[in-house]
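First the structure, in the form of structure tokens, and then the observations on it.
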Amino acid sequence: MTRITVKFIGSGTSEDPYRVNLPNYRMIGDADYVGKTVQVEVPDDELTKDKGRPDAQRIREKYRGQQDWDRANVVADV
Amino acid sequence: MPQRSNSARYLYGDRNPIARSIVYDVGALAPAGLTQRATYTVPALKKAQVSGACCAISVASTAAPAGLKGVQVFINANAVNGVLVDASHGSDINTVGNVKSVSIGQSFFLGAGDSASIYTSDTGTGGTMKFDSAIHITEYDA
């Protein structure tokens, strides 16, 4: 697991909760609800080789065939 | 020594098991809308066993006024989202140290694409809450 800072999405409602657009993560502490950023831990095999950001291709391969993750532009902004 | 059932396959616990438990533990959070704090999704060609889950919430500092606050474990299986464990306070509980905790032992399975997640929420004004939650997960070859 590697810690990175990412943007999150959502509006905080039950229909649209605040969340990170990644299949596997753990928030560290609280989020910045003004800037909509949060520090998360993400598995190393879902990050680029330099572990600086989520890797869309690796995520698509790991979760291939799954409607939510095997698609283009799936990765959270950094 | 890996164990076999009557079939030729190893039992799930001996098919390259990996601990994938997720935890969210924070001492004093200000009120915020429903937030997915942690999530685990089963990868392709894998399955996972959920063998336990717990949630605990306590008042760290009083709110004015207090709102509904809680921490929940959700399971999303076959695109159906449901609460597995829910530790919530009503607005009437607003004294430092008030605690609610729920824990369960489980033994059920998630297929590829299913997920387990931890959510928190607090609709109060001011004040802080302590949240603790964990889901024990073992991932193995499908």
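Protein chains get the first letters and strands the later ones, always in sequence-line order, with residue 1 at the start of each. Note that the coordinates shown come from a computational prediction; the quantities given were computed from them, not determined experimentally.
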Pick from A:K62, A:E61, A:R19 with the largest number of heavy-atom pairs that fall under 4.5 Å of chain B =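 Highest number of pairs under 4.5 Å: A:K62.
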
Could you tell me which portion of A:D30 (side chain, backbone, both or neither) has an atom closer than 4.5 angstrom to a non-hydrogen atom of chain B?
->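 For A:D30, heavy atoms of backbone and side chain both lie under 4.5 Å from chain B.
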
Got a second to check how far [X]'s [atom1] is from [Y]'s [atom2], nearest 0.5 Å?
X	Y	atom1	atom2	answer
A:E41	B:I22	CD	CD1	12.0 Å
B:Y24	A:M27	OH	CE	7.0 Å
B:Q36	A:Y25	CD	OH	3.5 Å

Look at the side chain of A:Q66 and the backbone N and O of B:T41, then say whether any donor-acceptor pair between them is shorter than 3.5 Å.
->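 It does not hold such a pair.
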
Donor-acceptor pair, side chain of A:Y33 and main chain of B:G33, under 3.5 angstrom |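 Checking the backbone N and O of B:G33 against the side chain of A:Y33, no donor-acceptor pair under 3.5 Å is found.
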
For atom NZ of B:K47, decide whether the heavy atoms of other residues, nucleotides or ligands shown that lie under 6.0 angstrom number more than 12.
->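 Open: at most 12 neighbouring heavy atoms sit under 6.0 Å from NZ of B:K47.
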
Do other residues, nucleotides or ligands put more than 12 heavy atoms under 6.0 Å from A:K51 NZ?
->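 No, the 6.0 Å shell around NZ holds no more than 12 heavy atoms from other groups.
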
In this structure, would [X] and [Y] fall into the same cluster of hydrophobic residues linked by side-chain contacts under 4.5 Å?
X	Y	result
A:I28	B:I118	no
B:L84	B:L110	yes
B:V23	B:V42	no
B:V71	B:Y119	no
B:L34	B:I75	no

Most contacts with chain A, counted as non-hydrogen pairs under 4.5 angstrom, among [options]:
options	answer
B:A38, B:A32, B:S121, B:G27	B:A38
B:S117, B:A28, B:A44, B:S115	B:A44
B:N81, B:T35, B:V26	B:T35

Which atoms of [X] are under 4.5 Å from chain A, going by heavy atoms: the side chain, the backbone, both sets, or neither?
X	value
B:T39	both
B:F131	neither
B:L45	side chain

